[in-house]
There are 2 protein chains.
Amino acid sequence: MADDVTEQDSSSRPQRSIMSRPTMADVARLSGVSAMTVSRALKDGASVSAKTRERILDVIEEIGYVPDLTAGGLSSKRSGFVTSLIPTINNSNFSDTACGLTDAFSKHGLQLLLGYTDYSAAREEELVAAMLRRRPEGMILTGGFHTPRARHLLDSAAIPIIETWDLPDNPIDQVVGFSNAEATGAMVHDLYKRGYRNIGFIGGSSNRDTRGADRRAGYEIAMAELNLGEGHVITFGTPPISMEQGGQAIVQMIGQWPEVDAVICVSDLSAFGVIMECHRRGWDVPGRIAVAGFGDFEVSRCCWPSITTVSVNSYDIGKQAGELLLATLDSLRSGAEVKPATQKVGFKVVSREST
Amino acid sequence: MADDVTEQDSSSRPQRSIMSRPTMADVARLSGVSAMTVSRALKDGASVSAKTRERILDVIEEIGYVPDLTAGGLSSKRSGFVTSLIPTINNSNFSDTACGLTDAFSKHGLQLLLGYTDYSAAREEELVAAMLRRRPEGMILTGGFHTPRARHLLDSAAIPIIETWDLPDNPIDQVVGFSNAEATGAMVHDLYKRGYRNIGFIGGSSNRDTRGADRRAGYEIAMAELNLGEGHVITFGTPPISMEQGGQAIVQMIGQWPEVDAVICVSDLSAFGVIMECHRRGWDVPGRIAVAGFGDFEVSRCCWPSITTVSVNSYDIGKQAGELLLATLDSLRSGAEVKPATQKVGFKVVSREST
DNA sequence: GCAACATTTGTTACCGATAACATGAAGGCA
DNA sequence: TGCCTTCATGTTATCGGTAACAAATGTTGC
């Protein structure tokens with residue numbers, strides 16, 4: 001690899017100067033109006049005569065004025081921020097949700113402050129504390145598991161909170177999610193209908209990923225319902241879920257329980273790892289073993305064989321949560337009563353070539 | 001799919017009350033000191049007696065005071081924000097860079113404001129304008145292509161700017177990146193050394209992805225250097241790069257130029273699509289055709305055959321850019337001169353089973 | 001014991017916008 | 001014409017902190 005190199009090329013580019021920027025008062029002076037009129041000209045819906053507004057906008061363009069939302073927010077008591085915490089931005093399920101949130105908010109002048117917790121409740125707590133200092137107007141969390149202190153902070157923040165990607169037993173406020181256990185159970189039932197009887201489960205060994213733990217619980221419940229015995233579970237490593245872990249796990253699974261004819265993986269990423277390892281070892285999928293994942297990632301659609309999965313509309317979770325938050329903020333502002341609601345989002349078992 | 005359902009369960013959860021939060025003045029009054037002393041107690045390095053600080057912290061804990069960074073930032077003229085714009089958060093290369101940035105900043109009390117441009121310069125311009133209203137202390141951009149208005153906004157913002165993932169001809173300020181053309185050229189040379197002579201290229205048809213266009217240019221330059229003719233290029237769709245597009249492109253490539261014995265893809269994602277399509281059709285990789293990608297995504301490491309790629313340390317681009325920005329801010333504050341520098345980051349051709 | 005200095009705390013002004021209220025001008029209607 | 005309404009604009013106070021300076025208190029050394 002070429003070594004990292006730094007070039008000092010002061011000659012080619014001038015040092016950029018740092019100087020103070022124009023304020024609303026500057027615009028006001030140059031347009032011959034008061035600062036308040038400038039403020040109104042920038043807010044649509046306010047009563048400013050057409051020609052005054054035009055003059056003001058000309059001045060703004062000319063001197064390159066950029067309004068300072070920090071000051072505006074302090075005064076109006078509305079920061080324009082909404083915070084979202086997701087486990088990682090490196091998982092397209094969660095980043096899709098973040099996109100849905102951004103899209104829901106951007107038209108309404110709200111900006112998303114994104115943080116990632118690395119699947120750690122302690123880190124989530126830190127982030128909650130850090131984010132609350134920005135006075136967000138609402139917060140969107142992933143999952144229903146939080147430290148007591150995080151819950152306390154959120155409670156006293158007195159802003160709308162939405163928990164997503166889960167159906168917590170004891171929600172803080174509003175919820176947009178689904179039951180990970182139920183969804184995994186549906187996959188077990190689907191495999192059963194297709195004739196598989198020795199169904200294994202591959203998942204993380206840590207409870208840090210609570211959705212992963214819920215999926216495993218759903219697997220165990222469904223196995224019991226169908227009288228398929230205790231099941232065969234292989235666990236590996238800590239979150240985030242990686243493809244490679246799946247490859248290691250399937251080798252262990254087959255070694256330990258050769259009778260297993262199907263595996264459900266906690267995520268499509270591990271399912272992909274399983275399938276690649278099977279290719280490598282010449283085990284036919286689904287002939288020797290059927291493989292199912294969770295999350296409907298792009299890789300599952302494109303993989304050969306394509307991977308059976310539980311499809312959840314990740315983007316829509318974000319979009320719905322965003323819209324619910326907007327509606328809640330509207331209600332609060334108009335003084336209407338807001339009833340905490342739980343919005344269940346649908347999921348679907350998508351059967352593909354791998355089962 | 002189960003229909004989306006909303007439950008109104010007002011009975012089970014009380015409506016959360018929205019009330020005003022304690023301020024620093026409240027803390028001051030309850031601790032019997034002035035607000036300024038509270039402010040000092042919260043800032044480490046300030047001279048406050050141990051017992052006063054303890055008393056203040058007790059009060060803060062008791063009433064659940066959360067400092068308001070909005071107000072603090074307005075007063076101190078330091079927002080504590082740094083903005084980063086990336087094409088999409090759904091690509092682990094860029095999200096890794098964002099993680100590197102977050103890690104570099106978080107210890108220094110700076111918070112990352114992340115935006116994604118969807119590979120559109122117009123959207124980037126909008127985001128630049130929107131972000132500048134938050135008075136970020138610096139900005140990290142992806143690539144060197146920006147609209148004139150965006151450049152103008154950035155120039156007059158008078159904050160340090162770092163362009164990444166590229167070596168722009170005419171940089172705004174500082175740069176942390178590498179030459180996408182050179183990197184792709186290195187891949188062509190590597191394939192040549194391995195004996196491939198009919199090397200094709202699969203990339204996007206749009207110039208919106210300027211790094212993609214640079215990679216294609218690098219391919220063409222290297223083909224000319226090696227006297228391998230004009231080369232064979234198949235282009236498809238618009239960014240973001242998808243796996244499926246690779247699958248379509250390889251079929252077209254083989255149909256049009258059956259003599260092609262190796263393809264370089266603009267990204268590992270399309271390379272993966274190519275390989276899966278080859279599996280599906282029974283074309284051996286690398287026997288019938290060798291396949292190389294770009295970016296060293298997880299899928300390339302885990303895939304069978306594993307995919308030859310150009311590896312760039314995405315996380316490190318973010319980390320380095322973050323540290324460069326921190327150093328620049330330090331220098332500016334201490335009044336030292338700051339020379340715009342270009343930091344080249346290394347890349348490496350990683351040969352795997354697919355070539 | 002007191003000057004000289006260090007440490008801790010307080011006071012005032014201000015960051016840059018907006019809310020709330022006040023004012024002035026233009027238009028409508030009897 | 002005169003009064004009332006409507007629309008456009010200005011004035012003042014304020015949001016919740018921090019910078020800068022001032023004052024008070026504690027500490028040290030001779």
Whole-Å gap separating P (C:dA17) and CD1 (A:Ile56) | 13 Å
Would B:Arg208 count as a cation-pi partner of B:Phe145, with NZ or CZ less than 6.0 Å from the six-membered ring centre and within 45° of the ring normal?
-> no
Can we say B:Arg333 and B:Glu137 salt-bridge, meaning some charged N sits less than 4.0 Å from an Asp/Glu carboxylate O?
-> yes
With axes from five pairs an end, tell me the bend angle of the helix from C:dG1-D:dC30 to C:dA30-D:dT1, nearest 10°.
-> 30°
Can you find a side chain N or O atom of A:Lys77 that sits less than 4.0 Å from OP1 or OP2 on D:dG16?
-> yes
How would you label the contact of B:Thr37 with the nucleic acid (heavy atoms, under 4.0 Å): base, sugar-phosphate, or nothing?
-> sugar-phosphate
Is there a donor-acceptor pair under 3.5 Å between the side chain of B:Arg135 and the backbone N or O of B:Lys77?
-> no
Side-chain (A:Ser75) to main-chain (A:Gly72) donor-acceptor, under 3.5 angstrom | no
Taking CZ from A:Arg333 and P from C:dA19, how many angstroms apart are they, rounded to a whole number?
-> 12 Å
Within less than 4.0 Å of OP1 or OP2 of C:dT9, is there a side-chain N or O belonging to B:Ser49?
-> yes
CZ of A:Arg21 versus P of C:dC15: gap in Å, rounded?
-> 16 Å
For the pair A:Tyr119 and A:Phe94, name the ring-plane relationship: parallel under 30°, tilted 30 to 60°, perpendicular over 60°.
-> perpendicular
In 5'-to-3' order, the base (B), backbone-only (S) or no-contact (-) status of each nucleotide in nucleotides 17-24 of chain D, using a 4.0 angstrom heavy-atom cut-off, is BBBBB---
Salt-bridge criterion met for A:Lys51 and A:Glu54 (N-O under 4.0 Å) | no
Donor-acceptor pair, side chain of B:Thr37 and main chain of B:Val33, under 3.5 angstrom = no
For B:Arg78 and C:dG16, what is the distance between atoms CZ and P respectively, to the nearest whole Å?
-> 16 Å
Just call it for B:Thr70: base, sugar-phosphate, or nothing, with non-hydrogen atoms closer than 4.0 Å on any strand.
-> nothing
Smallest heavy-atom separation, A:Leu110 atom then A:Phe81 atom, equals CD2-N, 4.3 Å
Could you tell me the separation between the CG atom of B:Leu42 and the P atom of D:dG16, rounded to a whole number of Å?
-> 16 Å
salt_bridge(A:Asp316, A:Lys319) N-O dist < 4.0 Å = no
Between atom CZ in B:Arg134 and atom P in C:dC15, what is the gap in whole Å?
-> 21 Å
